[in-house]
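Beneath this line is the structure, given in C-alpha cells, with notes to follow.
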Amino acid sequence: MDEPCRLPSALDHFMCIECRLERKRVGLFLDYDGTLTPIVNRPELARLSRDMRRLLHEVGKVCKTAIISGRGLDDLVHLVRVDELYYAGSHGFDVLGPKGSGIRHEFGREFVPAIAGAYAELCAQLGAIDGVILENKKYSLSVHYRLVPEELVSRIDGTLDHVLASHPTLRRTYGKKVFEVRPRLDWHKGEAVRLIMRILGLNGKDAVAIYVGDDATDEDAFRSIAASGIGVLVADEPQPTAAIYRLKDSDEVGVFLARIAALLTGC
Ligand SMILES: [Mg+2]
C-alpha cells in the first residue's frame, strides 16, 4: 500500500478523469457508509439523502453502477432502493443485478453455518456490553464498537479472538470502529468488482472502472482496478491508499456523481 500522501482532488482534476473516460464504457462502483452517507454512530441511522438517491438514478441511467458494501445484501438494497443498480453485499460475497436481470451470485454458502455459530457465541459473550452492536449478515458478521467505552474495546477484541479460535474457517478484518468476520476465502470487494465488470462485458480495453470508497475494505477494490481504473478515496486526511484521487466527504461524492452523470449524458 502507498504511503500517506495528499492525493489530488477528483473534483479539481475532473478534466483528467474526463480524458481517461473519453470513448470508454464506464462501470461505476460505490461504497455505501462513509461514501454515499456520512459516518454515523449507529448503522441503522446511515440513511441515503433524497438528493443522493436522485443522483444514483441519474448515474444508473448513463452507466452501469453498482453499490458494494460490507452491509448484508437485503439491508443494502432496502437502504438504497434504486432499481437500475447492481448490488454487492457482505463485502462482495452476495451479488444481485437489477430487477429482471436474473443476476445473482453467492459465494461462500458453505460458511453460513459457521457465521451463524460465531454470531450466536458473540451475542452470548458480548451482548451485555453497553454499546456493542452485532449484525449477522449471512456471509459475514459485524461487531460495531463505536459506542463502546474505550476501556472495554480490548475485551471485545479478546473475546473475538477466542470465538474465532474455534471457527478456523473464518477470519477477522477491520473497518472504522467495527470488527468484521468473514469466510477465510480469497474473495473481497476487488473480486466482486472484477466479477461485475465481467458480467457486464466491461472487461475489454474500451472499459474503465471507477471505484469510490472510504474504508480499509475498499483498498482491495482500489488495488483490483489500479492498472486501468480510477480509484477515488473518500477521506479528509491523508492516509495510506491505492486510490489515485480523493474526495473529502459524501457531499463531494454527490458533486462528483453529478459531474459523471452530466459528462456521460453528453456523450
Ligand atoms: Mg465505507
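No experiment lies behind these values; they were computed from the predicted model shown. Atoms within each ligand, like the ligands themselves, are counted from 1 in listed order.
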Original post:
Between Y211 and F222, does a ring pair (Phe, Tyr, Trp, His ring centres under 6.0 Å) hold up when you go through it step by step?
Top reply: CA-CA 7 Å; Y211 190 101; F222 294 144; 5.6 Å; yes
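Taking the Mg ion (ligand 1) as reference, the nearest N/O/S atom within D214 carries the name OD1. Closest N/O/S atom of D31 to the Mg ion (ligand 1): OD2. For D33, the N, O or S atom with the smallest separation from the Mg ion (ligand 1) is O.
Pairing each heavy atom of R6 with each of P238, the nearest pair is NH2-CD, 3.7 Å.
By the 6.0 Å contact criterion, NZ on K137 is enclosed, its count of non-hydrogen atoms from other residues, nucleotides or ligands being greater than 12.
A salt bridge is defined here as a Lys NZ or Arg NE, NH1 or NH2 lying under 4.0 Å from an Asp or Glu carboxylate O, and E252 with R246 fails to meet this definition.
With a cut-off of 2.8 Å, the Mg ion (ligand 1) has no N, O or S atom of D218 in range.
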